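These numbers come from a predicted model, not from an experiment. Values below: every heavy atom of this structure, side chains too, minus hydrogens, waters and symmetry copies. Naming convention: chains lettered A, B, ... in sequence-line order (proteins, then strands); numbering from 1 in each chain.
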2 protein chains.
Amino acid sequence: MSTPLDKARREPESMKARILTVARRLFGEYGFHGTTTRMIAQEVGIDISTLHYHWGGKKDLYESVVLDINKDLRQKLLEVEGMIHDRPLAERLTISIDVMTDYLFLQPCVSNLILFRYFSKNRYEGNLDFSVPEFTADIAFSMGLSTDRKHVSPETKMKVVALMNSIHNFISGEGFFRPMLDLTHERYVKMVKDTLNFIHIPAFTKAGDG
Amino acid sequence: MSTPLDKARREPESMKARILTVARRLFGEYGFHGTTTRMIAQEVGIDISTLHYHWGGKKDLYESVVLDINKDLRQKLLEVEGMIHDRPLAERLTISIDVMTDYLFLQPCVSNLILFRYFSKNRYEGNLDFSVPEFTADIAFSMGLSTDRKHVSPETKMKVVALMNSIHNFISGEGFFRPMLDLTHERYVKMVKDTLNFIHIPAFTKAGDG
DNA sequence: AACGACCTCCATCAAATGATTGAATAACAG
DNA sequence: CTGTTATTCAATCATTTGATGGAGGTCGTT
């Protein structure tokens with residue numbers, strides 16, 4: 001069992017970055033109101049005031065976490081975009097699903113936080129609706145489902161939303177769904193990929209999509 | 001605009017039931033930690049202590065809400081089960097999707113709460129992990145995807161989970177996805193149903209499933 | 001050593017929040 | 001009307017939680 005202090009000594013990461021990392025995970029697990037600044041500080045192994053010194057308030061930290069996550073996700077999409085160049089549609093989708101799923105299983109808090117933002121309100125809604133870029137259209141383009149980065153048909157957008165949500169659901173819901181199916185983590189991962197491929201690829205290859 | 005008091009006078013519902021109804025909605029919108037007993041009491045138009053008088057503590061109320069929701073959902077499933085008797089598979093699925101979607105769009109807090117339970121922890125986890133029946137297998141049976149109510153293949157369970165999650169996501173995420181697609185509520189509902197049918201029916205009709 | 005910039009922690013505050021108490025009120029049986 | 005029970009509310013408490021101030025510490029530069 002390694003204490004937060006041990007971890008701090010081993011990793012030469014800046015305190016600000018360490019706080020962000022822990023905050024990302026806790027906000028993802030417990031949501032905005034479910035996470036307290038003290039929980040974050042304790043996990044990092046510092047005092048609350050150190051947290052406030054680096055990040056101002058809880059809302060600022062949360063905002064940074066969300067923007068950070070979006071940055072990471074966008075970068076991963078660009079990576080995918082580079083990998084699937086010039087391949088047939090079904091293959092592009094399989095690769096996209098494979099890469100995104102692997103990435104998110106390593107960073108489940110990313111899926112957690114995205115789902116939180118989709119499905120839950122917070123009490124200070126007016127205050128923390130900072131602008132987060134929406135990139136469903138970019139995903140459609142990255143996966144090679146649309147030739148135009150800006151104009152994507154509503155039908156295709158719906159399918160992209162459904163696919164991305166399915167991925168996030170299986171990642172975030174592992175703790176709930178895996179015991180239900182009684183699988184090891186490895187078998188669960190494989191089954192998630194197989195199911196996603198099985199369900200979603202025909203949706204994009206069947207009919208004509210913009 | 002009708003005040004909570006007006007509502008109280010019009011509806012001869014018991015105070016305990018009124019609190020449960022409001023709690024259901026608020027817990028669904030803001031999650032467990034995001035909802036305060038004062039928010040619930042204020043919305044009902046009563047004092048906090050009245051809430052505690054009827055329900056004990058916040059956790060008891062939350063537990064009742066979750067169990068209540070599960071009861072409703074199970075009943076709706078039985079209703080579906082009765083409607084699809086003796087029809088071909090694709091038709092059974094279309095009807096199931098149609099009925100469940102209509103129901104959940106009227107009761108979005110049901111989807112909200114289910115997703116919250118799947119994807120988020122709460123700080124008192126040890127204390128409020130009361131037993132909630134898991135009925136993925138029942139859904140599979142109700143929709144006519146399995147002949148055995150108890151034994152359903154993992155593959156089929158995964159597909160059922162994917163389908164149910166897709167539905168819940170589109171319901172709970174309306175506030176997020178609809179502006180993105182720039183649709184009216186009616187067109188959104190229709191598009192959700194079409195998309196669900198388009199994506200998920202082939203998944204169950206293509207290959208052999210338990 | 002002396003200085004200063006940067007960082008961390010202890011002590012503390014004010015507000016929010018879950019919960020309780022006791023008094024007031026309503027409903028109702030006899 | 002009277003007594004009893006059930007219900008509701010105002011006032012209050014204890015804890016949690018976001019936030020701050022100032023003392024002390026570390027580190028590099030001179």
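Between A:Y124 atom OH and D:dA19 atom C1' the separation is 12 Å, expressed in whole Å. Atom-to-atom, OH of B:Y53 to P of D:dT5 comes out at 12 Å; the value is rounded to the nearest Å. Rounded to whole Å, atom C1' of D:dC13 lies 13 Å from atom NE2 of B:H52. For the pair B:H33 NE2 and D:dT15 P, the computed distance is 19 Å after rounding to whole Å. In this structure, A:Q42 places its CD atom 11 Å from P of D:dT17, rounding to the nearest Å. Distance CE (A:M15) to C1' (D:dG25): 14 Å, rounded to an integer number of Å.
For residues 161-181 of chain B, the ring-ring contact (aromatic ring centres under 6.0 Å, His included) pairs, not counting sequence neighbours, are A:Y118-B:F176, A:Y118-B:F177. Residue pairs meeting the salt bridge (charged side-chain N to carboxylate O under 4.0 Å, His left out) criterion with at least one member in residues 104-116 of chain B: none, sequence neighbours excluded.
In this structure, B:R123 reaches the D:dT17 phosphate: one of its side-chain N or O atoms is under 4.0 Å from OP1 or OP2.
Ionic pairing of A:E13 and A:R18 is not present here: no N-O contact between side-chain nitrogen and carboxylate oxygen is shorter than 4.0 angstrom.
Looking at A:I46 and A:I19, their side chains come closer than 4.5 Å, going by heavy atoms from C-beta outward.
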Find every protein N or O atom lying less than 3.5 Å from an N or O atom of nucleotides 10-12 of chain D, and list the pairs.
unit_1	atom_1	unit_2	atom_2	d
D:dA10	N6	B:S49	OG	2.9

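For B:H85, there are no side chain to side chain contact (heavy atoms under 4.5 Å, CB included) partners two or more places apart in sequence or in a different chain. A:R149 meets the side chain to side chain contact (heavy atoms under 4.5 Å, CB included) test with A:L78, A:E81, A:D138, A:F141, A:S142; sequence neighbours excluded. Residues that satisfy the side chain to side chain contact (heavy atoms under 4.5 Å, CB included) test with A:T36, not counting sequence neighbours, are A:R38, A:M39, B:R123. Remark: A:R178 pairs with A:E174 by the side chain to side chain donor-acceptor pair (under 3.5 Å) rule, at least two apart or across chains. Legend: residues meeting side chain to side chain contact (heavy atoms under 4.5 Å, CB included) with B:S64, ordered by chain and number and at least two apart, are B:L20, B:W55.
Chain A approaches DNA chain C within less than 4.0 angstrom (heavy atoms of the protein), and the contacting nucleotides run 5' to 3' from C:dC6 to C:dT17.
Among the heavy atoms of the strands lying under 4.0 Å from B:T50 is at least one base atom, whether or not backbone atoms are also near.
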